[in-house]
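Here's the structure we're looking at; comments come further down.
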Amino acid sequence: MTAAMLELDNIRAGYNDAIAVENISLTVGQSEVVCLLGANGAGKTTTMRVVTGLIPLLGGTIRYNGEDISQMPPHERVTAGICLSPEGRQVFPDLTVMENLSLGSFNRRARRNRAQTLDQVLTLFPKLAERSGQAAGLMSGGEQQMLAIGRALMGQPKLLALDEPSLGLSPKMVSTVFESIQTIARSGITILLVEQNTRAALSIAQRGYVLSAGRVVHEGTAADLAQSEMVQKAFVGAAFTKQSVRKSRRERRLAESNPGGAGA
Amino acid sequence: MASLIFQIVVDSLLLGGVYTLMAVGLSLAFGVTRIINFAHGDIVMYGAYAAFFAFVSLNIDPLLSLLFVAILGAIGGYLLFKLTLDRILDAPGINQVLLTFGLGLVLQNVAVILWTGDERSTTPSYAFDSWFLSDDIVVAKGRLIAFGLAVAFVVLLLAWLRWSELGRATRAVSQNRAAASLMGINVRAMYALSFGLSSSFGTATGAIMSFLLPITPFMGFPILVKAFAIIILGGLDSIVGTVIGAFLLATAETTIAYVVPQGIGWAEGVAFFLLVIVLIVRPTGILGTVGRDA
Amino acid sequence: MIAVRGWIIILGSLVVALVAPHFLPPGFSDWLTRLSTLILVAASWNMMANAGLISLGHSGFWGLGAYSAALLANAFHIPFWLSIVPAMLLGAFFGACLAYITGRLRGLFFAIATLATSEALRVVALMVPKLTGGAEGVFVFDQIRPDRITMTSFSLCLAVATVATSYFLSRSRYQYALRAMRDSESAVQMLGVNPARFRIGVTALSGAIASCAGVITAWFTGYIDPGSAFDLKITISAQIAPLFGGLYTVTGPVVGSIAILALSELTRLYFNYSGGVGLLVYGCILVFGVLMMPSGLVGLWKRRRKPVVTDAAVPARAK
C-alpha cells in the first residue's frame with residue numbers, strides 16, 4: 001500500500017437524530033481500488049455521502065492527502081479531486097447527455113481540460129457519444145449509469161467514488177460497466193467502490209472493508225475477502241436474517257426522509 | 001366585431017409581454033431555491049421609483065436608466081438574500097414564507113414613509129404616443145416598447161440558461177441540488193446569484209412599469225399576486241411555462257375588460273380566480289413538474 | 001383539577017368582560033374592543049397553524065363576517081348578538097369549502113390559495129354594488145346599533161370564549177392528531193385518522209371565529225367597505241400576534257395581541273399617525289422574529305430540519 005490518499009478516522013454520521021455509521025475507520029491508498037461491502041443498510045452509502053460532504057460529519061475526521069477536510073463543503077471537495085457517481089445515478093433528467101457531462105467538469109480545475117477529458121470519456125463510453133443530444137432522463141438505467149460515471153470522470157477526479165454502479169443493471173450491463181471501471185483504475189485513478197455485487201467488486205478491487213450495522217466488521221485484501229466466510233455471513237447470509245431485514249427497512253425509511261437516493 | 005377581436009389580441013400580446021417580465025424573476029428564483037419571494041412585488045416597486053427619480057432629477061429616460069436600475073436590483077437582491085434568507089435555508093418553509101412576507105412589508109412601508117402614497121409616473125414622450133393600425137385598432141407605443149424589451153430580456157435569459165456555464169449550473173441546481181453540489185457547484189452561491197438575477201428582472205420590470213402604471217408604494221401587491229397566478233399557471237419552475245401563463249392571464253384580463261360590463265373592475269380579480277382554479281384543477285400548472293406538497 | 005381551574009379562570013374572565021367596560025374610560029374600551037377582534041383572528045389563525053395550515057386569507061373570513069352582519073342588520077334588522085350566528089355559519093361554511101377544494105395543497109400553495117380567495121372575495125364585494133354597496137361601502141342600520149359599553153363587553157366575551165375554545169382544543173384528544181398533521185399528514189393517516197376531515201374541521205372552526213371579529217367591527221364602527229373589510233393588514237396582524245407571542249400555544253396569540261396592539265399605539269403616539277410606520281414595525285417584527293428567534297420557531301419543527309444540499313422536500317425529478 002502506498003501513501004494514504006483518503007483516511008477516515010472514527011467517523012460518525014447519520015440522518016436527523018439517527019446514527020447510521022459509527023466508528024468507521026478506513027484508508028484508501030494512492031491509485032488503489034478499495035471496495036466497501038455489506039448488506040443493504042450497512043452504512044455504505046452513508047459513508048460515501050460523508051466522504052463527499054453531502055451530509056455533515058458528526059464525529060471523527062476525514063483526511064484527504066493528509067489534509068483535514070472534515071468541514072469542507074461538497075463543492076470544494078470536488079475541486080480538490082473527490083468526485084462521486086451517486087447511488088441511483090442522479091443524472092439531471094431534463095438536461096442532455098452532453099450538458100450532464102459538461103456539468104461534470106464545472107469545477108475550475110477540470111474546466112480547462114474539458115475537451116480532452118470529454119474525448120477520453122466518450123472513448124470509454126461510446127454509447128454516450130451516440131446519445132449526446134438526448135435528455136438524460138429518457139435513457140435506460142445502464143446508459144444513465146454510464147453517464148453518471150462519465151460525469152464523475154469529467155471532474156478529473158483524483159479519487160473516484162462509485163456508489164452501487166451495478167444497481168438495477170442487467171448482468172451483461174454489469175460486466176460492461178465493471179470493465180470500464182477496470183479501465184479507469186488502470187489509468188491510475190484511485191477508486192472507492194461501494195457494491196452489493198460482491199463478486200464483481202472483488203474482481204477489480206485490491207482491498208475491501210466489510211460493513212455491518214454501521215461498523216467495519218472485517219477488512220482485508222480482495223483475495224482474502226473472497227475466501228472469507230465472514231464476508232459470506234456479513235452480507236450474503238445476514239441479508240436474509242430477520243434482524244437485518246428489519247434494520248435495513250429502518251434505514252431505508254431514514255434515507256427516504258433524506259434525499260439523493262435510498263439506502264445507507 | 002372583427003376589429004374588437006383584433007384589438008383584444010393586440011392588447012393581450014402587449015400586456016402579456018410586461019407580465020412575462022414581471023413573473024420571470026419570481027419563477028427563476030423559485031426554480032433554483034424553492035422559495036417563493038413574497039417581496040418580489042415590492043422589488044418591482046423600488047425599480048419603478050428608481051427610474052422615476054432618475055427621470056425627474058437627472059432627466060434620464062427610463063429606457064436608459066433601466067440598465068442601472070437592473071444592476072442595482074441585482075446587487076440589492078443578492079445582499080437581501082445574503083443578509084436574510086441565507087441564514088434560514090435549513091429552517092422549515094413557513095419561516096421562509098413569513099420572512100419574505102415581512103421583508104415585503106418593510107420594503108413597502110419604508111417607501112410609504114419616504115415617498116408617501118402619492119401617485120407618480122415617468123412621462124417620456126412615447127408614454128402617450130399611439131399608432132392607429134386602422135380606424136379603430138390602437139397600439140400604445142409605450143406598451144409596444146415594453147413588449148419588445150420583455151421579449152429581449154426573456155430571450156437573453158433563456159439563452160443564458162441554455163448556453164452559459166453558470167446558466168447550465170442554474171438548471172442543474174433547480175433539478176437536483178445534491179447532484180449539483182457533486183458537480184462542484186456551490187449551491188448556496190447559486191441561490192444568491194439566482195436571487196440577484198431575479199431582483200434584477202424585478203427592478204427592470206419596475207423601470208418599464210414606470211411609464212405604464214402609476215407608481216405608488218402599494219403597486220407591489222397586485223403585481224405579486226399576478227406574478228403568482230402566472231407562475232402557478234405555468235408550472236412554477238418553467239420559464240417557458242411562465243411565458244405561456246403570462247399571456248393567458250393577459251388574454252383573460254383583456255378579454256374581460258372589453259367584453260364584460262364594468263369589465264375593468266372585474267379584470268383586477270381575474271388573477272385571483274385563475275389562481276384558485278388552477279391550484280384546484282391542475283396543481284402542477286401547465287408545464288410544471290413540481291409537486292404541490294412542498 | 002386543572003380543568004376546574006380552567007373553568008374558574010374562564011368564568012372569572014367572563015365576569016370581568018361583562019363588568020369592566022362600565023368602569024373604563026371610552027378610549028380604553030375602544031382599545032379593548034380592538035384587542036378582542038385581534039385575539040379572535042390571531043387565535044383562529046393559530047389554530048390552523050397548529051395543524052400545519054398557513055393561512056394568508058384571514059381577512060376573507062373577517063370580511064365575510066362584517067358584510068353578513070351589516071347586510072342582515074339592514075335587511076332584516078337582526079340584532080348584533082344574533083348576527084354572529086349567520087356570520088359564524090357563513091365563515092365556517094366558507095372555511096370548510098376552502099379546505100375541501102384546496103384538497104391536497106400543502107404549505108406554500110395552501111397559503112397562496114387562501115391569499116387568492118380572500119382577495120377574490122374583496123373583488124366580488126367591490127363589483128357587486130347592488131348587494132354590497134360596492135366601493136362606497138355600507139352603513140349599518142343605526143337604530144339597532146348597541147352602545148359602546150355593550151359592544152365592548154360583547155366582544156370581550158367572544159374573545160374569552162375563543163381562548164377557552166383553543167384551550168379545550170389543546171387539551172382534547174384532537175390536539176395530538178392536529179399536531180401530528182403539522183409534521184406529516186401521511187403519519188396521521190397511519191394513526192387511523194382521516195386528515196381531510198381534520199383539515200376541514202379546523203379551517204371551518206377558524207373561519208367561524210375569524211368572521212366574528214368582522215361582525216364586531218361592523219357593529220362597532222357602523223360602516224364597512226371592501227377595502228377595510230378585506231384589508232390584508234388583518235391577515236398580517238393575525239399571523240404576527242401568534243408569532244410574537246408564541247406559535248402553537250394557547251396564551252401566545254393573547255400575549256402577542258396585547259403586545260402588538262400596545263406597540264402600534266406607541267408608534268402612533270410617537271409618529272403621529274404617519275402612514276407606514278405601524279406596518280413597518282410589523283414587518284420588522286416578522287423579519288427579526290424569524291431571523292433572531294430561530295430556535296423558538298424551529299425548535300418546534302425540529303424533526304423537519306435537514307441540511308440544505310440534501311433537502312428531501314425537493315427530490316430529484318428523475319425516475
* Picking from B/Asn109, B/Val173, B/Leu105, which has the most non-hydrogen pairs under 4.5 angstrom with chain C? -> B/Asn109
* Structure fact -> Contacts of C/Ser118 meeting side chain to side chain contact (heavy atoms under 4.5 Å, CB included) (sequence neighbours excluded), chain-then-number -> C/Ser59
* Asked: Taking all atoms of both residues into account, what is the closest heavy-atom pair of B/Val276 and C/Ala116, and its distance?
  -> CG2-CB, 3.8 Å
* To do: Count the heavy atoms belonging to other residues, nucleotides or ligands that lie under 6.0 Å from CZ of B/Arg120, then report whether that count exceeds 12.
  => yes
* Toward chain B, the part of C/Glu119 with a non-hydrogen atom under 4.5 Å -> both
* **Spacing of C/Ile112 atom CD1 and B/Leu224 atom CG [to the nearest 0.5 Å]** => 8.0 Å
* Structure fact -> Paired with B/Val106, the side-chain contact (heavy atoms from CB on, under 4.5 Å) test is passed by just one of C/Val287, C/Leu279, C/Ile285, C/Val281, namely C/Val287
* **4.5 Å side-chain heavy-atom contact, B/Phe273 and C/Thr117** => no
* Structure fact -> Smallest heavy-atom separation, C/Leu280 atom then B/Ile113 atom, equals CD2-CD1, 3.7 Å
* Asked: Within a strict 4.5 Å, meaning less than it, do heavy atoms of the B/Phe101 and C/Leu56 side chains meet?
  -> yes
* Measure distances from B/Val97 to the heavy atoms of chain C and classify the residue's part below 4.5 Å as side chain, backbone, both or neither. => side chain
* Start with the C-alpha distance between B/Phe272 and C/Leu121, add both sets of side-chain angles, then the distance that settles side chain to side chain contact (heavy atoms under 4.5 Å, CB included), and finish with yes or no. => CA-CA 9 Å; B/Phe272 308 125; C/Leu121 281 177; over 6 Å; no
* Taking atom CZ of B/Phe228 and atom CZ of C/Phe109, what is their separation to the nearest 0.5 Å? -> 10.0 Å
* Measure the shortest side-chain to side-chain distance between B/Leu99 and C/Leu286 over non-hydrogen atoms and say whether it is less than 4.5 angstrom. => no
* CG/B/Leu83 to CG/C/Leu291 distance, rounded to the nearest 0.5 angstrom? -> 9.5 Å
* Asked: Is the CZ atom of B/Phe52 crowded by more than 12 outside heavy atoms at less than 6.0 Å?
  -> yes
* Taking atom CZ of B/Phe218 as the centre, does the number of heavy atoms from other residues, nucleotides or ligands within less than 6.0 Å exceed 12? -> yes
